[in-house]
Number of protein chains: 2
Amino acid sequence: MNRVKATSLPGTLSFRFGILGAMVTDLFVAALGPLDLKPKHVGMLVLLDTGGPAAQLEIARTMGVAPSLVVSLADHLEKLGAIQRVRDAADRRRQVLSLTDQGRDLLAAGLAAANRLDADLAEPLSEQDRKELGRILGILAAEAGLPH
Amino acid sequence: MNRVKATSLPGTLSFRFGILGAMVTDLFVAALGPLDLKPKHVGMLVLLDTGGPAAQLEIARTMGVAPSLVVSLADHLEKLGAIQRVRDAADRRRQVLSLTDQGRDLLAAGLAAANRLDADLAEPLSEQDRKELGRILGILAAEAGLPH
DNA sequence: TATTGTTATACTCTATAACTATA
DNA sequence: TATAGTTATAGAGTATAACAATA
């Protein structure tokens, strides 16, 4: 087993992932501004899109955030008309969230913003490197349990 | 010019960078806990290490944070004995920060933590993919102006 | 009693504004 | 008057704890 260790902190994957991730997030926040969304709102839309309707507590667990945060994210998305909240008739404690057509439109707008950002981000890379980066990040994302 | 666009948000580089970056940062925070450091403290140590002694305002500009934040980061690092604050004799308004031997030790401990994290992070990747990822992140890091 | 969602409260991080010392 | 640093204050984001409704 190979153990290549970086000899300086800026050379580590961790350092680079942390800082580049924060930069990308800042840019994404700016790009989402006109849509009145934050990254966590988009994350919730993605979850409802890929996993289908879900109760708030399920969402909290999947996203790894507090249930109280799901309440305010859902409040906002409901106000935008992006999701519907329906009480589960079988268990009236559950609020089942589902994507509306407007929500799907918002998600598409978020995707467009991310694709524009991707183009900027990948600008210094060769075509080959872009493909490689996408493939390798895909492996790490799958390992981390992110939706595809 | 090629324009491969992702068809789903979780497939974008931006989404993956943002979420993986946040996950790695959380893990890094946990790993730094015993050292009584946060990622921004480490960032400041890295800057003093790679760029040599610098005034607080220079650091604020390079790190892209408010000068008042540099004050509290420097307060903490000074309390730990990791940096020295010396008034510039030529311009007594400037506080010049420099790394101490203890600071260099802390930095080495932070590097060790990052290397351990890197090993976990890269675990699902082939040897070839690890190299590729390191190389490509290096390009992006350089483009973003990170220290090497 | 246990669970789902909600509300109330508090904590962390960081920025902006006001202030002090020096130029 | 302008600049470096500091202190005071405020805002964003999110968690924890208390509470209400339902099981």
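Below, chains carry the letters A, B, ... as their sequence lines are ordered, and counting in each starts from 1.
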Discussion item. Below the 4.0 Å mark, does C:dT12 have OP1 or OP2 next to a side-chain nitrogen or oxygen of B:Lys38?
Written reply: no

Discussion item. Just the rounded figure in Å: distance from P of C:dT14 to CE of B:Met44.
Written reply: 13 Å

Worksheet entry | Under-3.5 Å donor-acceptor pair between B:Arg93 side chain and D:dT3 base | yes

Item to complete: Starting from P on D:dA21, measure out to CG on A:Leu57 and report it in whole angstrom.
Response: 19 Å

Worksheet entry | Sugar-phosphate only, base, or nothing, as touched by A:Val65 at under 4.0 Å among non-hydrogen atoms | sugar-phosphate

Practice prompt. Would you check if the side chain of B:Arg130 reaches a backbone N or O of B:Ala122 as a donor-acceptor pair within less than 3.5 Å?
Written response: yes

Worksheet item: Atom CZ of B:Arg61 to atom P of D:dG5: distance rounded to whole Å?
Response: 9 Å

Discussion item. Using only modelled atom types and a 3.5 angstrom limit, is any donor from either the side chain of B:Ser68 or the base of C:dT16 paired with an acceptor on the other?
Written reply: yes

Worksheet item: Taking the nucleotide of DNA chain D with the closest heavy atom to each, which residue, A:Ala66 or A:Arg92, is nearer the 5' end?
Response: A:Ala66

Item to complete: Please state how far atom CG in A:Asp75 lies from atom C1' in C:dT6, giving the value in whole angstrom units.
Response: 9 Å

Worksheet item: Rounded to whole angstroms, how far apart are CZ on A:Arg87 and P on C:dT4?
Response: 12 Å

Fill in: Interatomic distance where CG belongs to A:Leu69 and P belongs to C:dA8 [whole Å]
17 Å

Worksheet item: Short question: side chain of B:Arg85, backbone of B:Val96 - any donor-acceptor pair under 3.5 Å?
Response: no

Discussion item. Nearest whole Å is fine: how far is D:dG5 C1' from B:Ile83 CD1?
Written reply: 13 Å

Worksheet item: Within the structure, does a side-chain N or O atom of A:Arg85 lie under 4.0 Å from either OP1 or OP2 of C:dT6?
Response: yes

